[in-house]
Amino acid sequence: MDWADELAASVSGPQVVNDSKTPSGTVHVGSLRGPVILDTITRALRARGIETTLLYGVDDLDPMDAQALLTPDAVEHEMGRPLAHVPDQAGDCHASYARHHAQVFIDTFAGLGILPDRYYWMSDIYPTGAIDPYIRLALDRAELVREIYRRVANVQHPAEWHPIGVICPTCGKVGTTIVTRWDGELVFYECRADHVTWARGCGASGWISPFGGNAKLPWNLEWAAQWGLFGVTIEPGGKDLSTAGGSRDRSAAIAREVFEIDPPLNVPYEFLNIGGKKMSTSKGRGASAHAFTEVVPPEQTRLLFLRPRPNSAIEFDPEGTDAVPRLFDEFDKLAAATAGREVKGELPAGYESIFRYSLLDPAADVAAEAAAFRADFGHLALLVQVPGVDVDGRVEAEKGSALTDRERAVLVERVRAARAWIATYAPERARMTVRDALPIEAGALEPDQRAYLAALAAAAEASPPVAGDGWQALIFSVAAGVGLANGRAFSAIYLAFLGRSNGPRAGWLLASLEPPFVLERLRDAADIKEVAR
RNA sequence: GGGCCGGUAGCUCAACGGCAGAGCAGCUGACUCUUAAUCAGCUGGUUGAGAGUUCGAAUCUCUCCCGGCUCACCA
């Protein structure tokens with residue numbers, strides 16, 4: 001995790017960290033990497049005592065260009081209008097489509113411990129006139145802007161094109177208009193039916209003031225204007241923007257040449273791949289943000305995103321793998337190392353920073369968090385599958401003392417995550433089911449194991465064990481009685497009930513089942529191949 | 001076509017000019033009540049290919065191959 005601390009060490013003076021997002025739809029997991037990086041940088045700067053402001057912008061004057069979330073009859077009317085002016089399709093009391101979707105990601109950020117000092121909404125900022133100086137510069141230097149587009153991005157705008165998008169006073173659309181003239185106070189706009197393929201303009205035209213919220217700058221100029229307006233010094237960007245000739249290059253050139261300001265330091269970051277592929281909501285469970293956050297709590301999600309350097313792609317495939325348990329294991333290892341406990345294997349450079357920045361609360365007591373007891377995720381994933389098991393009791397026994405409130409909260413979170421993992425991503429081998437009939441795998445039982453199972457059945461019938469620990473004691477005492485090694489005794493039980501040679505604590509497993517069923521199964525398994533022998 | 005990232009053990013990654021390593025998985029073994037835990041040990045590599053620089057290359061240079069993402073319309 002040298003990357004964030006190195007970055008923090010390389011700057012001086014107060015910093016303004018910024019990012020902004022178009023609230024066009026739902027957030028998927030991969031898109032959380034940017035915000036986590038943003039937040040990690042902010043924490044690293046503050047850790048060095050650098051005065052830092054974290055801003056997050058909502059580009060809600062951008063035109064509606066995705067019709068997937070619109071009702072069919074709304075498409076014709078709403079496509080191309082600013083997101084801030086589109087009614088909330090969900091009808092759950094938000095002022096607009098933009099407010100609704102922005103709220104979704106603001107909530108997501110808060111859930112990940114990302115707390116910008118301020119959110120700003122472009123639909124609030126334009127009417128104040130704060131952007132007007134930038135609009136004037138852009139229009140006065142329209143030829144320069146067109147030249148930058150040609151030079152930097154190889155994009156050829158018509159000679160009449162001006163870098164401003166008027167919100168059509170007739171139909172309210174911003175995506176459909178083009179400005180062809182500027183007289184120093186007013187612009188001449190046309191709302192064209194065929195300006196873009198995804199929205200249809202109304203055909204209106206006329207002279208209008210581009211100031212005070214009547215118009216918005218095109219994306220690349222708006223970005224540069226934000227940098228100037230807020231004095232942004234650091235802004236990470238996804239690699240889709242950071243490519244040569246891409247948005248970042250254009251906006252940086254516009255900032256320098258048109259607005260005459262220095263663009264912020266870029267921190268380009270790669271994306272999250274699922275099984276070597278870009279994650280997308282249409283490609284199954286691995287990509288579903290909802291399922292992901294159900295299974296991976298905030299601190300582990302932060303760790304996933306901030307551990308690798310931003311410029312390397314993250315390979316993460318939760319589906320049918322142990323990737324999720326391993327993420328927990330790594331978190332626990334970092335905690336142990338930070339607390340000064342001995343850990344197996346190597347530690348990444350700056351492991352304490354990685355742990356600290358992974359914590360949900362930026363003001364958390366790192367030492368206390370590191371020292372807190374956390375139950376092994378893999379173990380929990382088993383425990384939660386045993387009916388009636390006292391998970392809290394088991395975990396406290398493992399710790400050796402009562403859990404603190406904080407530890408109990410962590411446990412609750414992990415138990416929920418473990419259940420969700422078993423229900424969704426977990427590979428079959430992590431799932432444990434008591435077979436309805438004697439498993440075929442029980443054929444592998446050796447004669448001494450079958451004799452043991454028969455003895456266990458007899459002993460259990462003679463004196464029924466009352467609970468998990470009763471069964472557990474009986475399993476051991478019968479094993480000792482017939483002279484069978486404990487390991488082989490346990491695997492005999494697992495084979496008989498689960499069809500596998502290992503499993504969760506056998507006593508509690510048997511105690512959770514109906515006693516007659518247990519006896520019958522033990523005898524069935526004991527009798528198997530008895531004839532053939 | 002341009003750009004970026006990557007290719008190291010079965011998997012995820014580290015090492016970034018000085019003996020190729022860790023975790024997990026796998027395999028052995030130990031364990032009379034933490035039994036998918038814990039402990040001890042083992043296996044596993046022509047570092048994508050080729051050339052170059054160097055006393056020395058996974059590491060630097062060049063060429064190529066492969067994978068992925070991304071841009072070239074808008075935001």
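Numbered from 1 within each chain, the chains take letters A, B, ... in sequence-line order.
Between W161(A) atom CH2 and C73(B) atom P the separation is 13 Å, expressed in whole Å. Atom C1' of nucleotide C71(B) and atom CZ of R150(A) are separated by 20 Å, given to the nearest angstrom. Rounded to an integer number of Å, the gap from CG of D249(A) to C1' of C71(B) is 10 Å.
With W223(A) as the aromatic partner, R250(A) does not meet the cation-pi criteria of under 6.0 angstrom to the ring centre and within 45 degrees of the ring axis.
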Hey, can you pull the donor-acceptor pairs under 3.5 Å for the side chains in residues 74-81 of chain A, sequence neighbours left out?
{"from": "E78(A)", "atom 1": "OE1", "to": "R81(A)", "atom 2": "NH1", "distance (Å)": "3.0"}

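A 6.0 Å sphere centred on CZ of R99(A) holds more than 12 heavy atoms belonging to other residues, nucleotides or ligands.
Residue R248(A) is classed as having no contact, given no heavy-atom separation below 4.0 Å to the nucleic acid. Using a 4.0 Å heavy-atom cutoff across all strands shown, T197(A) reaches no nucleic acid atom at all. Across all strands, H195(A) comes closer than 4.0 Å to no nucleic acid atom at all (heavy-atom distances). Using a 4.0 Å heavy-atom distance criterion, I475(A) is classed as making no nucleic acid contact.
For the pair R309(A) and C13(B), the criterion of a side-chain N or O lying under 4.0 Å from OP1 or OP2 is not met.
Partner of T22(A) under the side-chain contact (heavy atoms from CB on, under 4.5 Å) criterion, out of D60(A), V58(A), L61(A), D62(A): D62(A) alone.
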Practice item. Between protein and nucleotides 22-33 of chain B, map the contacts as a letter string: B base, S sugar-phosphate only, - none, heavy atoms under 4.0 Å, written 5' to 3'. Key: SBS-------SS
Check your understanding: Which letters describe nucleotides 1-8 of chain B, given B = protein heavy atom under 4.0 Å from base, S = only from sugar-phosphate, - = neither?
Key -> -BBBS---
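The pair E160(A)-R146(A) does not meet the salt-bridge criterion, since no charged nitrogen lies less than 4.0 angstrom from a carboxylate oxygen. Ion pair K399(A)/D392(A) not flagged as a salt bridge, since none of the NZ, NE, NH1 or NH2 atoms sits closer than 4.0 Å to an Asp/Glu carboxylate oxygen.
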